[in-house]
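Here's the structure, in structure tokens; my notes come after.
Just so you know, these numbers come straight off a predicted model, no measurement behind them.
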2 protein chains.
Amino acid sequence: MSKLEHATNRPLEAANLKQVSIEDPFWTPRVRNVTDTVVPYQWQALNDEIPGAEPSHTVENFRIAAGEAEGEYYGMVFQDSDLGKWLETVGFVLAGGRDPELERIADEVIDLLERAQQPDGYLNTYYQVKEPGQRWTNLRDNHELYCAGHLMEAAVAYYEATGKRKFLDVMCRYADYIGEVFGAEPGKKRGYDGHPEIELALVKLARATGEQKYMELSKFFVDERGQRPHFFEIEAQERNEQPLPGRRQKRMGHDYFQAHLPVREQKTAEGHSVRAVYLYSAMADLAAAYKDETLMEACKTLWKDVVARKMYVTGGIGSQEYGERFTVPFDLPNDRAYAETCASIGLVFWAQRMLQIEKNREYADVMELALYNGVLSGISLDGKSYFYVNPLEVWPDTADFRHDMSTVKVTRQPWFGCACCPPNIARLIASLGSYIYSVDASRSSLYVHLFIGGTMETQLNGATVKWTQRSNYPWDGRITMSVALEQPSAFDASIRIPGWCRKATVKVNGESVDASRLANGYLVLSRTWTDGDTVELELDMPVDVVRAHPNVRENAGKAALQRGPIVYCFEEADNGPNLRDLVLPANAQFEVTYDEALLGGVCTISTTGTRTELPDGENMSLYTTRRYERVPAPVTAIPYYAWSNRTPGEMTVWIRVE
Amino acid sequence: MSKLEHATNRPLEAANLKQVSIEDPFWTPRVRNVTDTVVPYQWQALNDEIPGAEPSHTVENFRIAAGEAEGEYYGMVFQDSDLGKWLETVGFVLAGGRDPELERIADEVIDLLERAQQPDGYLNTYYQVKEPGQRWTNLRDNHELYCAGHLMEAAVAYYEATGKRKFLDVMCRYADYIGEVFGAEPGKKRGYDGHPEIELALVKLARATGEQKYMELSKFFVDERGQRPHFFEIEAQERNEQPLPGRRQKRMGHDYFQAHLPVREQKTAEGHSVRAVYLYSAMADLAAAYKDETLMEACKTLWKDVVARKMYVTGGIGSQEYGERFTVPFDLPNDRAYAETCASIGLVFWAQRMLQIEKNREYADVMELALYNGVLSGISLDGKSYFYVNPLEVWPDTADFRHDMSTVKVTRQPWFGCACCPPNIARLIASLGSYIYSVDASRSSLYVHLFIGGTMETQLNGATVKWTQRSNYPWDGRITMSVALEQPSAFDASIRIPGWCRKATVKVNGESVDASRLANGYLVLSRTWTDGDTVELELDMPVDVVRAHPNVRENAGKAALQRGPIVYCFEEADNGPNLRDLVLPANAQFEVTYDEALLGGVCTISTTGTRTELPDGENMSLYTTRRYERVPAPVTAIPYYAWSNRTPGEMTVWIRVE
């Protein structure tokens, strides 16, 4: 195989983690929390050292596979991926600053991985321990390539942070073996995994190693998906599997796996939402790498279907527990939202990739929305408990009782048997630095996508540029940027003016510039920059009353409040019970207050609405022809991401409006 | 055992079917439909003669049990009850007029029942054919006494209509045998059925035969329910059954069977809604028969819990598919309503019994509400298809897709594998005559509960009274009643002024009487009546805008339209798609139009509301800060019971109001 051709072919290249340092009042505590608390906590979890949490057994599975411990495999079939996500997080953490003790732990477990790897390169504890001899017999269900993918991503991150090759080599050996098993060539399996993941991981592996063969293997998996004769049917026949019962067939058909059609023919987002966005991420990667316009067109069509018909206002995706999946357009129930944390994370992945291909703030807007809302709600403020499912409305007594809300939890849980989300959110936060900036392919333009304080150091037109941001974002729209340069240098700084912002003022060195003419949502500052130059950005950040498309029936007559990138919610703790009874006036005047002591420091939004005056409580009839009197009621909203960090109670994002 | 003491001890006694003939523009076609179409159709269904319908096998099971056919048992464990309900319907039909051909068929199948009966009196085809030797080993799940109960009810109805004793004797033998097996005496099982039914059937059997022992056996079953040690636990241990998994335990615990507490300690309606109202019906029967005040108090407490916290505006009950059950107070989702037809039927049974014990229109109001709405929606206008589940809102694309709406059907089905509802609705309509009138215990007062045209003939103060009603109810509130007497006679006529009616005028022989002073909702006309006397009742019947208790969160900001006893709904066929988008003005002016050609003849309700003007269709974003323009939209409602008789589409009972 040749060396990697056209490294990415993308117009933009996201900053790598080593270029970016974060120093930000909002994010620094969260990044530190991941570094100082989540990473050690999850390591304990992977080693079953958390009292009261569901066991993980992840590391032990590798010990058993390596022949260094006795026992049975335990855990989900994709338990290996938890270690992959943790190691990837460690890699991201180390990119920001080496840590000998953490590296020692990581190196030890990497050594274990190497010892567990089979001579031919295969590495999967489920099949090695529980079903030896059965590898590659159930790609549809058993996440074999998925686990490989997460370990590959981890190996790339660890290599890029530390320069140590062992883990990368282990995973290259595995990838090489996979390439021997799968492919279009005669004698190889024309298969792919039920859960996309290896596709995007192979792209990373190709970039890290410069090996074109990994890109080709990724392309094979993506191209093969959904082709006829159908691989999942062939392997099911080979397993002598009985057809699924009718109902399950209907709900967990090929579309569940995004394998109902060849990917270029897929026009709507279907099936399991996490799988979908992982696949679409790889499709975007490959569309760019191969300049494949039909693949890019498919990505854009799917993107539009998601963001215009199937996405919660929080950037959550997945409307139904059964199948953890997309359903039908505009079906976005709030109280039965699935909106898995991992799905919002995957949406961030996808959005970031789309953004590098097409300089368009629409992708950055969704990336920011999902990050600050649908993702961040998945983790408690103390970093120790997690939501798998992120509802947009909860009535505790109903959610606790109803069978069709059985996945809706009123409080975050310490760890899950199916622990996909906690390590996923950790790795996203740990790699946050790579989402803030890009540099264009000609290395003459810096793109600022997110307003996160800290520094980006890069080469632009041959000069070393250090770009610094300072702000109290997302609570304040005033962002100060400054440039450090050894000597004056001409380059473009393209700064995203968010879609939510209807009025932005920009000053360069104190002088106003015209911020009304944007290139796909970016303000391009083309000038010769001098050391110490400043850009002051002021994004008008009023309280927005957001309404849903009339076809979103759950939100008819309702609105959500958003300020800047932050979507708000109403909690019982602030507003008393029965949030459905609250109504905001048509032209509510909102008061925004920053409360340092509340929920780690948040802006609250207050106004006066109305609520029903209950006449005689207990003796009220269930139905009546009288109109209830309504009385003024103070109403306070908090950021959605911060809900369920106080006394458990009702919560709603959408509130009735006159 | 002694003969029946205190036949019922009820202040009122409902008319028996032979006393009442129905001649009513609304009901006569429905009764005829049952007689002429449903009864023959269901007989074919029970004999598996309906092409395309799910098989029933009911009669065949009896043939196999009688040793007259070869084969396996097929069907639900309670398949026998379908024959019971059909035979009971036949009894009700024959009470209104003998029919030699129908009796020949019934007599033949009764002969078959007798031949299938075992020498000790036992009669249950499931255990006789499928699990011989295992009888009484799983009362909790297997509906053994439930099936017995339905056959007993049928035997009573058939005996009362025809005077033929064979079926009654068969069931008395079975009841006697059951009395040998179950009871508080040493050596007997202290058990009861998982599905209450035999309790109310034994009361009927006691009344029909005059045998106190059947009343005692019913009382035993009711008193024993929920006692500790718990019978279901004891028999589960005897079966060496593993405990249910946690979740199922939680949802299908003893409360599912209304056996979580002794019945007198039950303060809230829990569990499977059909089972609940069947049990409560028997409790009401026994409370009256034994003058048991604690039992009556329990009935009233449960009644209040149902009608004030757990009943749909249509008289439907049961808020969740899983467990077909009540959930938590005010949890009444419209699109996931279970509201099983059988549950509304059971609510009619219970309401009618409460009404005979306590002369209070509240019970008659609910009885009427359930009858005209929650029950009647279960059957198509042509009588050939049925809803098992009666949602109050349907979006076809969502309901067809979502797993948590899998029981919600957009169109009625021809027959069900679990065919409880179709024969149940048939027997209710066939016995409608027994719900219209009562006579008080002293036989000096006639009660008119429902406004259904036809005649009631009874003895009052020794005179034969023929009371006739004529009206175009429920479309028109003007009801004319007239009396036929051989000679003048003094008695009271107590006429219900419905709770929904805020203004009633009454004339006797053309002269106004004061209709404002009511006794528990009944206007008591005490006078000496003469042949040809008339009572003209005019019930004001405006369109009522009904609102739900603010805790019913699904209905916040919405209203339902009701006119007289008829609850209305909005269908896509009249209003176009996206019914959630429609908004009625706060003070809507309604136009009521009787349309003879529509849906078998209905009053429609029309007004002008508003709907969103969609700016640019396909390209609309999912979320926006702009307010959509609203434009006037004509809105038309039809009776809820008549929905889904045209092109399938959206439907909603609750509509947004300003």
Quiz item: Centroid-to-centroid, A:Tyr623 to B:His549, below 6.0 Å?
Solution: no
Quiz item: What part of B:Arg656 gets closer than 4.5 Å to chain A, counting heavy atoms only: side chain, backbone, both or neither?
Solution: side chain
Quiz prompt | Closest-packed option against chain B by number of heavy-atom pairs under 4.5 Å, given A:Val552, A:Val546, A:Leu332, A:Asn555 | solution = A:Val546
Quiz prompt | Salt bridge flag under 4.0 Å for residues A:Arg502 and A:Asp540 | solution = no
Quiz item: Is it the backbone or the side chain of B:Asn578 that comes under 4.5 Å from a heavy atom of chain A, or both, or neither?
Solution: side chain
Quiz item: Is it the side chain or the backbone of B:Lys558 that comes within 4.5 Å of chain A heavy atoms, both, or neither?
Solution: neither
Practice problem: Under 4.5 Å, heavy atom to heavy atom: which of residues 311-318 of chain B reach chain A? Give them by number, or say none. | Solution: B:Met311, B:Tyr312, B:Val313
Practice problem: Select one option (side chain, backbone, both, neither) describing which atoms of B:Trp395 are under 4.5 Å from chain A's heavy atoms. | Solution: both
Quiz prompt | Contact origin within B:Ala586 toward chain A - heavy atom pairs under 4.5 Å | solution = both
Quiz item: Is the shortest side-chain N to carboxylate O distance from A:Asp544 to A:Arg563 below 4.0 Å?
Solution: no
Quiz item: Without hydrogens or angle criteria, can the side chains of B:Arg630 and B:Thr612 be said to hold a donor-acceptor pair below 3.5 Å?
Solution: yes
Quiz prompt | chain B interface, residue from A:Thr327, A:Asp581, A:Val583, A:Asp397 that has the most non-hydrogen pairs under 4.5 Å | solution = A:Thr327
Quiz prompt | Toward chain A, the part of B:Arg611 with a non-hydrogen atom under 4.5 Å | solution = neither
Quiz prompt | Residue part contacting chain A, namely of B:Pro577, when any heavy atom lies under 4.5 Å | solution = neither
Quiz prompt | Max heavy-atom pair count under 4.5 Å with chain B, selected residue of A:Arg627, A:Glu321, A:Glu658, A:Gln562 | solution = A:Arg627
Quiz item: Going through the distances and angles, do B:Asp335 and A:Arg553 end up as a salt bridge (Lys or Arg N to Asp or Glu O under 4.0 Å)?
Solution: CA-CA 11 Å; B:Asp335 56 359; A:Arg553 65 167 162 159; 3.6 Å; yes
Self-check item: Heavy-atom proximity to chain A below 4.5 Å, by part of B:Glu393
Solution: side chain
Quiz item: With only heavy atoms counted, which part of B:Thr625 is less than 4.5 Å from chain A, the side chain, the backbone, both or neither?
Solution: both
Quiz prompt | Structural part of B:Leu579 lying under 4.5 Å from a heavy atom of chain A | solution = neither
Quiz prompt | Toward chain A, the part of B:Val307 with a non-hydrogen atom under 4.5 Å | solution = backbone
